[in-house]
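Numbering of residues begins at 1 and proceeds along the displayed sequence. Every value quoted in this text rests on a predicted model; they were computed, and no experiment measured them.
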Amino acid sequence: MKQGKILLFIFTFFLSGCGLNDNTKDVMPEEMPSDFDFSVKFGVGKKNEIDTYEDKVTKDLVDDGTATINLPLTIEEKAKIYEKMKNINIINMKEFTPRTECD
């Protein structure tokens, strides 16, 4: 019986740390943080990438591999991207519905 209480305590402790009802973490700060950077991969095989941590952009050339260039973004460009990310609430999970008549 004592082991059951200990397991229940541990389980409750971990659940409380998950923040199931705490939505304050799901809001981006109003102002862009000074250390704002991001990395996004997209396309077939996720071979296209924009990485502001490394100031690089990689393009999938399909039959010719990939091409990577050094492309640092300005503070103004990052600020515009940050605003768009904030407007679409990018940090929250999205449910996408396909636009099709097919089942």
Side-chain angles (χ1 to χ4, degrees):
M1 188 67 177
K2 192 173 187 177
Q3 288 176 337
K5 287 182 181 181
I6 292 172
L7 286 175
L8 180 62
F9 172 76
I10 292 172
F11 182 71
T12 305
F13 177 75
F14 280 112
L15 273 184
S16 66
C18 290
L20 296 175
N21 294 321
D22 183 12
N23 292 331
T24 58
K25 297 175 191 167
D26 297 338
V27 177
M28 291 176 69
E30 192 62 34
E31 295 292 319
M32 181 181 81
S34 61
D35 62 348
F36 173 69
D37 280 301
F38 63 93
S39 176
V40 61
K41 292 182 180 184
F42 55 96
V44 177
K46 296 184 179 165
K47 294 180 182 177
N48 296 297
E49 181 178 17
I50 300 170
D51 182 353
T52 64
Y53 294 99
E54 300 289 328
D55 293 331
K56 292 182 181 179
V57 174
T58 301
K59 171 71 174 120
D60 180 13
L61 303 175
V62 186
D63 291 334
D64 295 326
T66 60
T68 301
I69 62 168
N70 198 24
L71 186 68
L73 298 180
T74 65
I75 296 296
E76 293 80 15
E77 290 168 327
K78 285 184 180 182
K80 286 180 184 178
I81 292 168
Y82 184 82
E83 276 302 310
K84 290 185 184 284
M85 288 179 167
K86 193 171 65 170
N87 288 339
I88 65 170
N89 201 9
I90 198 164
I91 60 174
N92 284 329
M93 190 66 99
K94 308 290 185 268
E95 287 189 33
F96 295 105
T97 306
R99 296 179 185 168
T100 180
E101 300 295 320
C102 300
D103 286 333

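Note on residues 61-80: no pairs pass ring pair (Phe, Tyr, Trp, His ring centres under 6.0 Å), not counting sequence neighbours. Residues in residues 47-71 take part in no salt bridge (Lys or Arg N to Asp or Glu O under 4.0 Å) pair, two or more places apart or across chains. Sorted by first and then second residue, the ring pair (Phe, Tyr, Trp, His ring centres under 6.0 Å) pairs with a member in residues 48-72 form an empty list; sequence neighbours excluded. Residue pairs meeting the salt bridge (Lys or Arg N to Asp or Glu O under 4.0 Å) criterion with at least one partner in residues 74-89, sequence neighbours excluded, are Glu30-Lys86, Asp37-Lys78, Glu83-Lys86. For residues 57-86, the set of pairs meeting the ring pair (Phe, Tyr, Trp, His ring centres under 6.0 Å) definition, not counting sequence neighbours, comprises Phe36-Tyr82.
For Asp35, the side-chain contact (heavy atoms from CB on, under 4.5 Å) partners two or more places apart in sequence, or in a different chain, are Pro33. Here Ile69 pairs with Val57, Leu71 under the side-chain contact (heavy atoms from CB on, under 4.5 Å) rule; sequence neighbours left out.
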Q) Can you check side-chain contact (heavy atoms from CB on, under 4.5 Å) on Ile81 and Thr52, steps first, answer last? A) CA-CA 11 Å; Ile81 292 168; Thr52 64; over 6 Å; no
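Between Ile90 and Met28 the shortest heavy-atom distance is CG2-SD, 3.9 Å. For the pair Gly43 and Asn48, the tightest heavy-atom approach, listed with the atom from each and the gap, is CA-ND2, 3.9 Å.
Of the possible donor and acceptor atoms, none in the side chain of Thr58 sits under 3.5 Å from a partner among the backbone N and O of Thr68.
Cluster annotation: Val44 and Val62 are assigned to distinct hydrophobic clusters (Ile/Leu/Val/Met/Phe/Trp/Tyr, side-chain heavy-atom contacts under 4.5 Å, transitive).
To the nearest 0.5 Å, the span separating CZ on Phe42 from CD1 on Ile50 amounts to 4.5 Å.
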